[in-house]
Amino acid sequence: MARPRTRFHRLATARLAVSVPKAIMALAFLFGVSLALRTQAIHARFWIDEGLSVGISGHPLLDIPGLLRQDGSPPLYYLVLNVWMHVFGSGEADTHALSVAFALFTVPVAWLAARALFGDRAAWVAALLAAINPFLTYYAQETRMYSLVALLSTVVTGTFVVAFVHGRRRWLPAFSVSLALLAYAHNWGLFLGLGTVAALVPLWRASADRRALLRDAAFAYGLAALLYLPWTVILISQARHTGAPWAEAPKLQDILNGLSTLLGGPAPGMAFGLGAGYGLSTLLAGTRRSPRARAALAIGVMMAATLAIAWLTSQISPAWSNRYFAVFVGPLLLLGAAGLARGGRFGLVVIAILVVFWFNPRTGALDHKSNAHETAVLVRDRLERGDLVVAAHPEQGPVMHYYLPQDIGLRWANAMGPVSDPTMFDWRDALKRLRAARPTPTADALVRTLKPGQKLLLIEPIIRTARWGAPWTSLVRKRAARWERVLDRDRRLSRTLAAPVLEGKPLPKGVRAVLYERR
């Protein structure tokens, strides 16, 4: 015989029936806000890195992992982008839409993770922050892996806390898989993985059953390592031969700069820090052993350890960039949501401040990442079959190949000599190879391949629009100027065009093209 329903049971069921549709509608609204905000510049033109993304992903799917020996990146994003381009196309809006999709899915994932870790109020704060975060807005409209990394970092953080802090062992495989996927999406995913290991230390010290915790950790990290194992051979090769010669060793100030980039600038970053810090202090000052307090501590240790590992590693082998802070999007938003939800009226004021600062599509920055398309338009009608394009800034080659005519039989080279595959740049020992390739003999060998009337298009970087202090960029800056001098003095060539005209105008980011004709 069925037990009679109590009044409490009926009210709880009714409340659940009402709250689920409302929750779905509210999430759909935030989803729509995120979509509207993150498609304002979906047609923005490509810059260097996006040209590399499309070029790499344009190869046959099964060839991509092997080709990445030349690039230094893990394969997940390029494999997904390859499939995406086959379905939707390789235009700017087509490929940006994939990044938009990753950013959109971060909203419900942040809601679910925060709800499981810190409750309903924190869930809505996390969903709102994920919907309008300016870092996600920017990289949602760029053909790179950073919105995917942000999404996966949210999953990794949530599953780690649920599995190890809350002790729900059935979530261990989800943590392992998401951690392996994050490492396959970006190498800084390995740093976050080490950060989670550091977060296990205080959990182990406070655990009533340390052996069980160690067994769970051995299973979870063993499975993640097993999933990542096939990539380690290529990873070792990349570490030996590619690296990041364009990066500089970070200073301590660069940690604050990276976090400021995540939070939309110093002012909103300070507001976020004060609001979240106040709420978290009240959370930790309460019952320190509560699940929510232990979850906040675990995420805090995870972030601090990851930052320290990334910074120290980059002192030895520089691999530091503000965009790599995508790996902190998940833990930072979840931790911030926990603090702001706990902060009462002060938390609400801070959320309002963040909405004012963050609800900004930054289309100007997105539309002016590079003038590569504009420059290509100015010169492409002058080019014919057999003409030679030389990228003095070698990694600009793929994006210029994307925008220059691909069906007229252009030949390609860079400051190190002829290039057989202009859709990629080979970073293997690139600094050593560029040092060995002197401009005069390299240019002479290329000019001798031109027939009378054929043209050479020199693609130069526009200096003074970025820092050029790293070993690679410093050498490119010097060599690019020498290349133009060498070609100007070559009596076999006549200079016919330089575009765009820069005199009296603000310098754009990107490239300048100089066209020569063989006499």
Side-chain angles (χ1 to χ4, degrees), residues 64-65 68 72-80 102 105-106 109-110 112-113 116-117 145-204 207 209-239 295 298-310 312-313 319 324-332 334:
I64 291 174
L68 287 172
S73 297
L76 178 61
Y77 174 75
Y78 301 102
L79 296 172
V80 175
F102 292 137
F105 282 113
T106 304
V109 169
L112 289 169
L117 274 52
M145 70 287 293
Y146 304 112
S147 62
L148 170 61
V149 171
L151 171 61
L152 290 172
S153 74
T154 309
V155 179
V156 168
T157 305
T159 54
F160 172 82
V161 174
V162 170
F164 288 104
V165 178
H166 294 176
R168 301 178 189 173
R169 302 184 66 197
R170 64 180 181 273
W171 285 95
L172 290 172
F175 167 71
S176 302
V177 172
S178 61
L179 181 59
L181 289 174
L182 180 59
Y184 273 114
H186 198 277
N187 288 331
W188 271 37
L190 298 172
F191 297 154
L192 187 64
L194 293 175
T196 63
V197 174
L200 283 176
V201 175
L203 294 177
W204 178 80
S207 176
D209 191 349
R210 293 179 176 179
R211 287 188 178 182
L213 180 62
L214 290 177
R215 285 196 302 268
D216 290 346
F219 168 79
Y221 291 98
L223 178 57
L226 184 64
L227 294 172
Y228 189 71
L229 183 62
W231 184 249
T232 54
V233 174
I234 294 179
L235 177 67
I236 293 170
S237 174
Q238 290 174 332
I299 296 174
V301 172
M302 181 195 311
M303 281 198 61
T306 304
L307 272 170
I309 293 166
L312 290 171
T313 302
Y324 294 175
F325 274 61
V327 78
F328 295 111
V329 168
L332 188 65
L334 293 177

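Basis for what follows: all heavy atoms, side chains included, without hydrogens, waters or symmetry-related copies. Note that the numbering runs from 1 along the sequence shown for the chain. Please read all numbers here as calculations on a predicted model, not as lab measurements.
The heavy-atom pair separating Ala183 from Tyr228 by the smallest distance is CB-CE1, 3.6 Å. Here the closest heavy-atom approach between residue Val155 and residue Ser178 is recorded as CG1-CB, 3.6 Å.
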_Is there a side-chain contact (heavy atoms from CB on, under 4.5 Å) between Val301 and Val201? Walk through the geometry before answering._
CA-CA 9 Å; Val301 172; Val201 175; over 6 Å; no

*Yes or no on side-chain contact (heavy atoms from CB on, under 4.5 Å) for Leu334 and Val161, after CA distance, side-chain angles and deciding distance?*
CA-CA 11 Å; Leu334 293 177; Val161 174; over 6 Å; no

*Given the rule in the side-chain contact (heavy atoms from CB on, under 4.5 Å) test, do Trp231 and Leu76 qualify, once you have shown the distances and angles that lead to the verdict?*
CA-CA 11 Å; Trp231 184 249; Leu76 178 61; over 6 Å; no

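To the nearest 0.5 angstrom, Tyr146 atom OH is 10.0 Å from Tyr77 atom OH.
Taking the six-membered ring where the residue is Trp, Phe175 and Tyr221 present perpendicular rings, their angle passing 60° and hence far from 30°. Note on ring orientation: taking the six-membered ring where Trp is involved, the planes of Trp188 and His186 are perpendicular (angle over 60°, cut-offs 30° and 60°).
Distance alone, capped at 3.5 Å, places no donor-acceptor pair between the Asp216 side chain and the Ala163 backbone. Under a 3.5 Å cut-off, the side chain of Ser176 and the backbone N or O of Leu172 do form a donor-acceptor pair. Side chain of Thr313 to main chain of Ala310: no donor-acceptor pair is present (N/O by atom type, distance under 3.5 Å, no hydrogens or angles). A donor-acceptor distance shorter than 3.5 angstrom exists from the side chain of Thr106 to the backbone of Phe102, with no hydrogens or angles considered.
Checked against the 6.0 Å centroid threshold, Tyr184 and Tyr78 do not count as a close aromatic pair.
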